[in-house]
Amino acid sequence: MRFCMVLLFLSTFHTSWALVDAIDELPQPRRLFVESFEDMLDDEIMDGSFAVLPVAAYDHYEGVKGLLPSRYHKTYEDFVNLQILSASFIVILWALPEDISRWDHDKIQSRNIFNNWYDNIKAGPVQDTDKFWINYGGHSLSGAYFYTLARNNGMTAWEATTFNFLMSTFYWEYGVEAFFEIPSAQDLWITPILGSLLGERFYQWEQEI
């Protein structure tokens, strides 16, 4: 189970490693996927040669999904969709005033983003100075979201807690958010622990309804 959960978390970070065939030699499912992608773009921009990127993503997505037990497939699909949600959330955080996000825009923009990530990982975790409602309200709700997503996909309470821990700690705190700030010591326990407790309460209310 641990292997499956870790694989679930790590999968999309390795999309660029996928090896693909030429577009004309693609099996029908992948060809349809690429053609649907091309239809969204101008013909002058997308001539087929760039199709390697969506094909690589599709191949890797299907490959990882095939390695997972069927009961984890829906959670994996939701995890992939979370990439879009995360990108949107980063845009929102970036637009917020710095006294709320605690992101130093000038410092972040002045350096290579991957150097920022490395230095932030190396420096953390630290006690953050976020407002109380962000630490205990926002992060608890975020953890509850990860937890209930897994529970509604058929996972047990323990599996959902593990999924919440992997997502909140490695995917978010040491992953996406570490590009912008040092990992927070409070968030490492608030999100997975309080979030899971709150998420189970939400899940039980949902079942009662």
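Taking W133 as the reference, nothing meets the ring-ring contact (aromatic ring centres under 6.0 Å, His included) condition, with sequence neighbours excluded. Checked against salt bridge (charged side-chain N to carboxylate O under 4.0 Å, His left out), E200 has the following partners two or more places apart in sequence or in another chain: R151.
Here the side chain of T191 pairs no donor or acceptor atom with the backbone of L188 at under 3.5 angstrom. Between the side chain of N81 and the main chain of E77, a donor-acceptor pair closer than 3.5 Å is present. The closest donor-acceptor contact from the side chain of E173 to the backbone of F170 lies at 3.5 Å or more, if one exists at all. For the pair Q186 (side chain) and N135 (backbone), a donor-acceptor distance under 3.5 Å is absent. Between the T148 side chain and the Y145 main chain, a donor and an acceptor come within less than 3.5 Å of each other. No side-chain donor-acceptor contact under 3.5 Å links W117 to the backbone of E177. Listed for the H73 side chain is a donor-acceptor partner under 3.5 Å among the backbone atoms of L68.
No close placement of the Y72 and Y76 rings is indicated, their centers lying 6.0 Å or farther apart. Not less than 6.0 angstrom separates the ring centroid of F165 from the ring centroid of F146.
Interatomic distance, N116 CG to F180 CZ, rounded to the nearest 0.5 Å: 8.5 Å. Summarising the geometry, atom CG belonging to N164 is positioned 11.5 Å from atom CE belonging to M155; distances are rounded to the nearest 0.5 Å.
One hydrophobic cluster, built from ILVMFWY side chains closer than 4.5 Å, cannot hold both I182 and L96; they sit in different ones. Neither M167 nor W189 shares a network with the other; the hydrophobic side chains, linked directly or stepwise wherever heavy atoms of I, L, V, M, F, W or Y lie under 4.5 Å apart, form separate groups for each.
In this structure, F202 and W205 have tilted ring planes: the angle between them lies in the 30° to 60° band. Using a 30° and 60° split on the angle between ring planes, F179 and F114 fall in the perpendicular class, above 60°. Between W94 and W103, the ring planes lie tilted relative to each other; the angle falls in the 30° to 60° range.
A donor-acceptor contact closer than 3.5 angstrom is absent between the side chains of N120 and E181.
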